[in-house]
Amino acid sequence: MDTLHGAFPFPVSLELVTVTTPELPTQYTPADVETRSYERWVAEGYFHADPGSSRTPYTIVLPPPNVTGSLHIGHALDHSIQDALTRRARMLGHETLWLPGMDHAGIATQNVVERELAKQGRSRHDLGREAFVERVWEWKEESGGKILGQMRKLGDGVDWARERFTMDEGLSRAVLTMFKKLYDDGLVYRAERIINWCPRCLTALSDIEVEHSEDEGELVSIRYSDEIVVATTRAETMLGDTAVAVHPSDERYAHLIGTTVELPLTGRRIPVVADEHVDPAFGTGAVKVTPAHDPNDFEIGRRHSLPSMTVMDERGVITAHGPFEGLDRFEARPAVVAALRAEGLIVEEKRPYLHSVGHCSRCKTVVEPRLSLQWFVNVGPLAKAAGDAVRDGRTSIHPPEMAKRYFDWVDDMHDWCISRQLWWGHRIPVWYGPNGEVVCVGPDETPPEGYVQDPDVLDTWFSSGLWPFSTLGWPERTPELERFYPTSVLVTGYDILFFWVARMMMFGLYAMDGEPPFRVVALHGMVRDQYGKKMSKSFGNVVDPLDWIERFGADATRFTLLRGANPGADVAISEEWAAGSRNFCNKIWNATRFALMNGAAVGSLDGADLTAADRWILSRLQSVITAADAALDGYEFAKASELLYHFAWDEVCDWYLELAKIQLGEGLDHTRLVLGQVLDALLRLLHPLVPFVSEELWRALTGAESIVVAAWPKADPRYRDPGAEAEIAALQEVVTEVRRFRSDQGLKPGQKVAARLGLAGSSVEGQERAIRALLRLTEPAETFSATARLTVGDVTVEIDTAGAIDVEAERKRLEKDLAAARKEAAQAAGKLGNEQFMAKAPAEVVTKVRARADQAAADIARLEAQLAALKV
RNA sequence: GGGCGGUUAGCUCAGCGGUAGAGCACUCGCCUUACAAGCGAGGGGUCACUGGUUCGAACCCAGUACCGCCCACCA
């Protein structure tokens, strides 16, 4: 057996080698691999979807990135998932459309460009509306170009011919059509309401564009009369109070309802009204009412026909005549308190006082509730339909726990303020006549003479809400729309479940006759750093996908993200993980290289005389295919990645390749076919996760054109072989046990030792050559004298370590094992002696425990014998 | 103020009723001719806490404590 490792073990004929071995460099270099394939894929049209195809469609619309900058690592996660899904769907035989595009991102992009202008000391007003919008378009071209470049680097298999932008001609038309349709159906209206106002951006914001945070404020109580004290954190708004409200059944104030009090500092008299909204248990039970500057107060005002008195302008500057006029709201607040204190009207001050304060999600400025005339969507019927579609399963949300959040939101949704006092966006298609006439103008209509268009633009989420069908040609009934709507799955972060998903549901159901925009919503989490911390520029833990692509490769970057991607869960990543993923790609690379060096080929195995090792790896492969399908069907990318990682590394590389070396050395040429078959399937399984390296290797292995259009592996039950799996499992156990012995004895891995194997009648009877080769065990010589005897299962291995054995180390090891075996035996015996366990536990569990007890008993006997032998 | 989720090896996380797992990190030994981005072996956890259900609990139930996220018009 010595010869097995002494000689070159690959007696492969020369012709075969020269014919079938393509050039694969010894070292995997992602940059080389990844520049080769992408443009070819695009040129071959693999990503181009044909609406005329007879295949079942599979559609994903890319959540359009904002044109505010470039893609971050979170986009990379989002894209990796979608690419994995579409690539697999394509391999499964679907007509696959992954539609790319970008979002104009109204307020966000306008702010970015305004900041750029500010660096030159200019504002948008210096340019004027038209020139400013022109300027934003230039920015869009630049930012958009960057994003497209990043998508190519990532390997996104999108249909470039169908790339869209929310402000391109077709989509703008869809926006106008939708607005008009809603208007005609009475689902958009204009009204004066209290809305969230950003005094810096100078625009209205919707509820979801406001972020709340616990800020420190000051709650002051102000004496309005001898009997009435009110509390407020916004003292400056008292200038606009037009009433004091108390609860109708609050006896303390019953006699005051209907009377008036004098509003301090102003000399105005305001009424005391009774309103259910007031909580008599909170504070003094009396509330100041400022209808123009607080949404609740606005409602109270409406119920009691109170006047609204605006005391602040759009920048948050006090406009009320008097000493405070011209002060900013945050200057006016302490000034008003000081003035009240001077009059002895401040009753009590409580500080610090933490309360929730709204901030503009774009610029963090404290939002000011403001009374203004805006456009709204009446969301009632739309939101109901959006909720129902998920409730009745027409659309399902993954993971299902997230659905509750969705319901909470759509079931209790305020009307949606859609007008924005911005310049960048879709201008509201409403014209006003000289006498206040209002006309909503459809895309093909012309406004009446002398009418003036509304200056505002629509909330950016209005156009985003149309994305799943506007991109397919709506309102035209295009072949694409007929074929690819509804989309198969929407992949996005849980953070925009409300912002975006709910809006697409509302609009999709409404515009497409009750057909929801997607069958499945697959939510992923946020990308975080290795400590689970949010990535932020100020913290310096931001990962730039391009940086990783350069250093580890796009495949490794993607694989790292997918390895962490459980449904709805955040993904923690680090450079160590990226390096690990790169190493994995390298592992696959070298495994394939090895196979090719040995003439691996894809072909029929019919009639081949397969060994147990061959049958084992083929059997395992079938299980892996089945498990991978289950994981991917459930959007469990972490599970799928882990599964394939371990199959490839632990089973294929660590065991099968080693066993294959032996077989090849023995001239079992069919081994090349098994290698080919296993790697072929493995690479196809891996392709959705690591598209570039799998393409490169698969082409080298098969000579076929592209793995992109290869078929997805299908588990073949004929290859299931529990017998072979058991045999190789036993072999692994023997090999591992003896390796452990060798390692404990300090035997160098390469050092050969003589051994006598007792395999007759054992579960690995036919594996002597493999066991000897893997363990560097030579045949016993005539002078053989065993210094150690190991028993593993039904196998005995006697080894002559020729004096190299460390008796003390061996005793220690045996004693440790013995202790473990005794503990094991005691545990099992405890169970078997437990009447209730025996009575109630299922039979299979009892059998298992019994087997454990037997095994432990055998181990104890064996180890005791070995220890005794050692003492001699 | 409501709701949801988490607490398992040094770190990030799987496991979700029947012998505690992975990757990385760590220790020891190896350049064994696919791969040192590698190979082999090993150490390391009263599965947050307290009760309960069960023959049996990391897993189910109740409560507690921390942590995270989302929603919210209590001045």
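Only this structure's heavy atoms are used, side chains among them; waters, hydrogens and symmetry mates stay out. So you know, we letter chains A, B, ... as the sequences are listed, proteins then strands, and number each from 1.
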Reckon [X] touches a base, only the sugar-phosphate, or nothing at all at heavy-atom distances under 4.0 Å?
X        : answer
A:Glu824 : base
A:Glu737 : nothing
A:Tyr28  : base
A:Ala572 : sugar-phosphate
A:Asp654 : sugar-phosphate
A:Thr736 : sugar-phosphate

For RNA chain B, what string of dots and brackets results from 5' to 3' when Watson-Crick and G-U pairs need both distances under 3.5 Å, crossing pairs get [ ], and pairs with another strand get |? ((((((((.[[[[.)..(..]]]].(((((.......))))).....[[[[[..)....]]]]])))))))....

If I take atom OG1 from residue A:Thr671 and atom NZ from residue A:Lys661, how far apart are they, to the nearest 0.5 angstrom?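 These two atoms lie 13.5 Å from each other.
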
Straight-line distance of A:Glu696 CD to A:Leu701 CG, nearest 0.5 Å: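 One gets 12.5 Å once the value is rounded to the nearest 0.5 Å.
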
Give each protein N/O atom lying under 3.5 Å from an N/O atom of nucleotides 22-24 of chain B, with the pair distance.
unit_1: B:A22; atom_1: O2'; unit_2: A:His646; atom_2: NE2; d: 2.9
unit_1: B:G23; atom_1: O2'; unit_2: A:Arg563; atom_2: NH2; d: 3.4

Same-atom distance ([atom1]) from [N] to [M], integer angstrom:
N     : M     : atom1 : answer
B:U19 : B:A62 : P     : 26 Å
B:G15 : B:G6  : C1'   : 15 Å
B:G21 : B:A9  : P     : 14 Å

Nearest atoms (heavy-atom pairs only) where [X] meets [Y]:
X        : Y        : result
A:Ala595 : A:Leu679 : CB-CD1, 3.3 Å
A:Ala638 : A:Gly564 : CB-C, 4.1 Å
A:Asp555 : A:Glu34  : N-OE2, 3.2 Å

Is it the case that B:A41 (base atoms only) and A:Arg740 (side chain only) share a donor and an acceptor within less than 3.5 Å, ignoring hydrogens and angles?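 Under the 3.5 Å cut-off, the side chain and the base do not form any donor-acceptor pair.
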
Would you call A:Lys639 and A:Glu642 a salt bridge, taking side-chain N to carboxylate O under 4.0 Å as the test?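 A salt bridge is absent here (no side-chain N lies under 4.0 Å from a carboxylate O).
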
Passing candidate, ring-ring contact (aromatic ring centres under 6.0 Å, His included) with A:Phe559, options A:Phe552, A:Phe637, A:Phe692, A:Phe584: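 With A:Phe559 as partner, ring-ring contact (aromatic ring centres under 6.0 Å, His included) holds for just one option, A:Phe584.
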
Quick one: does any side-chain atom of A:Glu658 pair with a main-chain N or O of A:Trp655 as donor and acceptor, under 3.5 Å?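 Checked: no pair found.
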
Are A:Asp495 and A:Met526 side-chain neighbours, meaning at least one heavy-atom pair lies under 4.5 Å?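 In contact.
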
Pair A:Glu733-A:Thr736, side-chain donor/acceptor within less than 3.5 Å: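 A:Thr736 and A:Glu733 do not have a side-chain donor-acceptor pair below 3.5 Å.
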
Between A:Phe499 and A:Asp408, which is nearer to the 5' end of RNA chain B once each is assigned its nearest nucleotide?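 Checking each residue's closest nucleotide, the 5'-ward one belongs to A:Asp408.
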
Nearest-nucleotide comparison on RNA chain B, the residue closer to the 5′ end among A:Ala569 and A:Lys288: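 First, find each residue's nearest nucleotide; the 5'-ward one identifies A:Ala569.
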
Pull out every protein N or O sitting under 3.5 Å from an N or O of nucleotides 27-30 of chain B, one pair per line with the distance.
unit_1: B:G29; atom_1: O3'; unit_2: A:Lys748; atom_2: NZ; d: 3.4
unit_1: B:C30; atom_1: OP1; unit_2: A:Lys748; atom_2: NZ; d: 2.9

State which residue, out of A:Thr284, A:Val272, A:Val230, A:Val229, fulfils the side chain to side chain contact (heavy atoms under 4.5 Å, CB included) condition with A:Tyr224.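 The residue from A:Thr284, A:Val272, A:Val230, A:Val229 that satisfies side chain to side chain contact (heavy atoms under 4.5 Å, CB included) with A:Tyr224 turns out to be A:Val230.
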
